Amino acid sequence: MPEESESHLRRSRRAKVEDLRARGVDPYPYRFADRIPAVEAVARGTPLAPGETAPGPAVRVAGRLLALRSHGKTSFLDLEDLSGAIQLLLSTETLGDEVYRRWLADLDPGDLVGAEGLPARTRRGEPSLQVRSLTLLAKAIAPPPEKWHGLKDPEERLRRRYVDLLASPETRARFRARSLLLRGLRRFLDEEGFLEVETPVLGQVASGAAAAPFRTRSNYLASELQLRISLELHLKRLLVGGLERVYEVGRIFRNEDLDSTHSPEFTMMELYWAYEDYGAMAGLVERLYASLAARLPEWLPDSAAARTAPETFRPPFRRVDFVEELEARSGISDLLGRSREELRSLARGVGATVPDESPAGTFLDKLFDHYVLPTLDRPTFVFDFPTVTTPLAKRHRSRPGRVERFELYCRGYELGNAYTELNDPEEQETRFREQLAARGEETYAYDADFVEALRYGMPPATGLGIGIDRMMMALAGIPSIKDVILFPLVRGRPGESSVEGPTGPP
RNA sequence: GGGCCCGUAGCUCAGCUCGGUAGAGCAGGCGGCUCUUAACCGCAAGGUCAGGGGUUCGAAUCCCCUCGGGCCCGCCA
């Protein structure tokens with residue numbers, strides 16, 4: 001526990017804890033069984049007439065006290081659990097003067113309590129629980145945020161997400177929706193016959209994408225390790241091994257900035273499907289998004305996104321060709337016939353500031369981002385990227401200079417990236433070497449064991465990658481990635497839980 | 001990496017332009033109230049004005065530095 005100067009609020013609550021203990025009451029008891037959700041308790045009271053109390057049976061609810069409104073001999077307490085809130089009705093009439101006063105004196109907003117009582121409606125018609133017994137389940141020493149405004153400070157909402165969650169039903173609903181979305185995704189893939197697998201986070205070299213890895217060290221191996229930046233190369237090894245349809249939902253790590261659409265650790269879903277190509281994959285992606293969007297109203301009710309998503313993601317999705325669409329939007333002809341220098345000056349012309357020595361594909365990507373991306377306001381597959389930036393995809397079966405790859409875009413978000421996978425070991429080796437030659441540092445690391453795996457024979461296959469955080473953002477209409485990650489990376493503050501002693505490589 | 005903005009009580013915010021004893025609401029304490037639901041009424045209390053330095057008779061306010069955060073741009077899938 002950090003030493004912090006105790007506010008008078010905390011002192012007062014701590015004093016109540018001591019007082020409870022002195023009276024033999026455990027402020028942190030072990031269990032409160034047989035409770036029903038608050039909304040269900042509300043439903044039991046709703047059919048009653050105003051002023052009426054049900055004869056029975058008694059019900060039990062548990063949750064956090066939001067507000068206490070005391071009127072002398074009657075008091076109203078709002079209790080909230082994950083399902084919703086219910087009003088507790090306390091009166092000297094049912095409890096007796098002494099017990100009533102004792103309970104009110106013991107309790108504060110933020111406390112966790114269990115209540116048993118009879119469903120009732122107040123004279124004003126509010127469904128309530130006429131309380132017979134009340135049990136403190138955990139005394140809150142720290143006072144909750146203000147009941148009306150909640151926790152607004154964006155920094156505190158991230159640093160102390162638990163306070164954001166306890167104070168905000170909207171935040172709880174958002175993260176619950178993320179969980180349900182993930183469950184829906186797994187169910188869909190399971191039903192399609194895919195096996196969920198787990199592959200290593202730690203390895204000698206992180207490959208499968210172009211990104212700076214986090215580095216750490218194994219004491220056992222006495223060597224540097226890297227955290228994965230992609231799931232791809234291990235999952236393809238599983239295709240070699242005969243698992244045929246596999247997917248993984250896992251955290252990957254890229255040593256980059258945190259901004260509204262990037263997080264240094266984020267959740268990636270990748271799947272690999274033997275004996276199919278990227279055309280089949282486009283069909284699967286379409287069905288996947290349509291099925292998830294259709295259920296969004298159930299997962300995140302009362303949201304604008306839930307109302308529009310089922311229609312937005314109704315198949316078939318629009319399909320465009322990377323080069324044709326870019327040429328049409330930009331008015332530039334013969335893009336693939338142009339030199340790297342020409343493409344660079346075209347990219348510079350639209351404000352891109354990438355390094356001069358970047359490969360041609362980088363300049364094409366910049367042009368695409370400028371001319372085409374803003375026009376993709378409904379789900380659109382972009383097909384057949386130029387070969388240059390995609391070392392893991394198979395060359396297009398009929399179009400020179402292209403690979404069999406598509407990305408799905410919607411409203412500026414990339415919602416999926418798929419290839420017909422390269423499975424020729426010699427070509428894979430060449431493409432890795434070209435990458436290394438072209439860019440040096442941040443590029444696809446050469447993974448010799450992966451090439452060796454391909455030499456045993458990887459079936460023809462298609463693969464897909466979807467960033468789950470962005471999928472959640474796009475479906476639920478949330479503009480910042482920090483709002484879909486429970487505990488985003490934040491800078492440490494002096495004096496806060498620092499690690500002592502040696503912590504890793506210098 | 002560049003620019004703009006923010007940090008005041010546990011929480012939500014005034015006060016800063018134009019320097020002069022630190023303010024409100026909620027929450028907490030005491031008292032009152034048998035139907036409220038942002039309950040209400042009365043009384044009393046609550047501050048490292050993010051941190052450090054400077055200017056000044058005097059700094060929450062002006063200047064500089066540091067820390068933390070937000071937004072935009074750039075970079076990065």
Side-chain angles (χ1 to χ4, degrees), chain A residues 4-16 50-51 65-78 85-94 97 100 105 107-110 120-128 130 140-160 163-164 167 208-212 229-230 232 252-264 266 268 351-355 358 362 365-366 369 389-390 407 413-414 416-417 441-442 444 465-467 469-470 479-482 488 490-496:
Chain A
E4 47 190 295
S5 60
E6 190 105 291
S7 74
H8 65 290
L9 294 174
R10 293 190 183 212
R11 274 200 300 277
S12 147
R13 286 163 179 251
R14 232 183 261 282
K16 290 184 184 183
L65 280 184
L66 294 183
L68 293 81
R69 296 178 295 280
S70 173
H71 293 254
K73 291 177 176 163
T74 302
S75 289
F76 305 91
L77 281 58
D78 293 333
I86 184 169
Q87 175 171 272
L88 306 181
L89 182 52
L90 273 60
S91 72
T92 55
E93 199 175 306
T94 51
D97 208 56
Y100 173 87
L107 295 174
D108 291 292
R121 275 182 82 186
T122 61
R123 296 207 276 275
R124 294 285 179 89
E126 177 78 18
S128 303
Q130 176 74 250
I141 300 299
E146 202 230 12
K147 62 188 171 190
W148 187 243
H149 297 95
L151 187 65
K152 283 273 188 59
D153 185 333
E155 181 176 352
E156 285 304 298
R157 290 179 56 190
L158 301 184
R159 286 185 187 277
R160 295 200 290 208
V163 181
D164 181 26
I229 56 173
S230 161
E232 180 152 3
I252 68 177
F253 307 85
R254 297 184 180 179
N255 215 332
E256 314 277 1
D257 293 352
L258 175 68
D259 66 25
S260 63
T261 55
H262 298 81
S263 170
F266 62 102
M268 180 70 98
T353 58
V354 284
S358 304
T362 301
D365 283 346
K366 290 294 163 194
D369 289 351
T389 51
T390 313
E407 291 196 337
Y413 290 108
E414 183 224 298
N417 178 20
E441 270 301 303
E442 275 188 22
Y444 290 72
I466 293 178
D469 311 278
R470 291 187 183 179
S480 171
I481 200 169
K482 292 172 203 165
V490 284
R491 223 174 283 271
R493 282 195 286 209
E496 250 180 25

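In what follows, every heavy atom counts, from backbone to side chain, and hydrogens, waters and symmetry copies are set aside. These figures come from a predicted structure and were not determined experimentally. We name chains A, B, ... by the order of the sequence lines, and we start the count at 1 in each one.
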How many Å lie between CG on A:D257 and C1' on B:C73, as a whole number? 13 Å
What is the distance from CG of A:L90 to P of B:U37, rounded to the nearest Å? 17 Å
Please work out if A:G150 contacts a base, only the sugar-phosphate, or nothing of the nucleic acid, heavy-atom cut-off 4.0 Å. sugar-phosphate
Side chains of A:I229 and A:F253: closer than 4.5 Å at any heavy-atom pair? no
For the C1' atoms, the ones on B:C13 and on B:G52, what distance do you get once it is rounded to whole angstrom? 27 Å
Distance between C1' atoms of B:C57 and B:G15 (Å, rounded): 23 Å
A:R159 side-chain proximity, nearest of B:U37, B:G69, B:U34: B:G69
Which of these nucleotides, B:C72, B:U34, B:G69, is closest to any side-chain atom of A:S260? B:C72
Want to settle it: does A:F266 or A:G72 sit nearer the 5' end of RNA chain B, counting the closest nucleotide to each? A:G72
Report the nucleotide, chosen from B:C76, B:C11, B:G69, that has the shortest atom-to-atom distance to any side-chain atom of A:R160. B:C11
How close or far is atom P of B:G7 from atom CD of A:E155, stated in whole angstroms? 12 Å
Main chain of A:A140, side chain of A:R13: is a donor-acceptor contact present, judged purely on distance under 3.5 Å? yes
Show each protein N/O and nucleotides 26-28 of chain B N/O combination with a separation under 3.5 Å, one pair to a line.
{"residue": "B:C26", "atom": "O3'", "partner": "A:K147", "partner atom": "NZ", "Å": "3.4"}
{"residue": "B:A27", "atom": "OP1", "partner": "A:K147", "partner atom": "NZ", "Å": "2.8"}
{"residue": "B:G28", "atom": "O2'", "partner": "A:S12", "partner atom": "OG", "Å": "3.3"}

When you compare B:G25 with B:G46, how far apart are their C1' atoms, in angstrom units rounded to a whole number? 14 Å
Evaluate the criterion side-chain hydrogen bond (donor to acceptor under 3.5 Å, both in side chains) for residue pair A:T261 and A:Y413; output intermediate values, then yes/no. CA-CA 9 Å; A:T261 55; A:Y413 290 108; over 6 Å; no
Pairing partner of B:G7 (Watson-Crick or G-U wobble, both distances under 3.5 Å): B:C67
Options B:C35, B:G70, B:U12, nucleotide nearest the side-chain atoms of A:D153: B:U12
Compare all side-chain heavy atoms of A:P145 with those of A:V163 and state whether any distance is below 4.5 angstrom. yes
What interatomic distance, in whole Å, is found between P of B:A60 and the corresponding atom of B:A22? 8 Å
Step-by-step side-chain contact (heavy atoms from CB on, under 4.5 Å) determination, A:L258 to A:K482: CA-CA 9 Å; A:L258 175 68; A:K482 292 172 203 165; 3.8 Å; yes
Taking N and O atoms by type only, does the side chain of A:H149 place a donor or acceptor under 3.5 Å from a partner on the base of B:C11? no
Rounding to the closest angstrom, what is the interatomic distance between B:G74 and B:C62 at atom P? 32 Å
When we call it a touch if two heavy atoms are under 4.0 Å apart, what does A:T261 touch: a base, just sugar-phosphate, or nothing? nothing
Check whether any side-chain N or O of A:T94 sits under 3.5 Å from a backbone N or O of A:S91 as a donor-acceptor pair, and report yes or no. yes
Whole angstrom is fine here: how far is it from CD in A:E256 over to C1' in B:G1? 14 Å
Passes side-chain contact (heavy atoms from CB on, under 4.5 Å), A:R470 versus A:H262? Steps please. CA-CA 9 Å; A:R470 291 187 183 179; A:H262 298 81; 3.4 Å; yes
Taking the minimum atom-to-atom distance to the side chain of A:T74, which one of B:C35, B:C76, B:U37 wins? B:C35
Which one, B:C72, B:G69, B:C75, comes nearest to the side chain of A:D259? B:C75
For B:C76, take OP1 and OP2 only and decide whether either is under 4.0 Å from a side-chain N or O of A:K366. yes
A:I481 CD1 to B:C71 P, straight-line distance once rounded to whole Å: 12 Å
Please check if the side chain of A:K16 supplies one atom and the backbone of A:A105 the other of a donor-acceptor pair under 3.5 Å. yes
Can you tell me how far C1' in B:G68 sits from the matching atom in B:G29, rounded to whole Å? 34 Å
Searching all strands shown, indicate the nucleotide that pairs with B:A60 (Watson-Crick or G-U wobble; both distances under 3.5 Å). none
pair_partner(B:C40), Watson-Crick or wobble, both distances < 3.5 Å, evaluates to B:G32
Quote, to the nearest angstrom, the C1' distance that separates B:U66 from B:C72. 24 Å
Return the minimal non-hydrogen interatomic distance between A:P109 and A:P144, and the atom names on each side. O-CD, 3.3 Å
A side-chain contact here means heavy atoms from C-beta on lying under 4.5 Å apart; do A:F76 and A:S128 qualify? no
Integer-rounded Å distance: B:G74 C1' and A:H262 NE2: 12 Å
When the P atoms of B:C11 and B:A50 are considered, how many whole Å apart are they? 13 Å
How many whole angstroms separate atom CZ of A:F76 from atom P of B:C40? 14 Å
Please confirm whether the shortest side-chain N or O distance from A:K482 to OP1 or OP2 of B:G70 is below 4.0 Å. yes
Whole-Å distance, A:D97 CG to B:U34 P, equals 11 Å
Heavy-atom nearest nucleotide on RNA chain B taken for A:L158 and for A:T122; more 5' hit belongs to A:T122
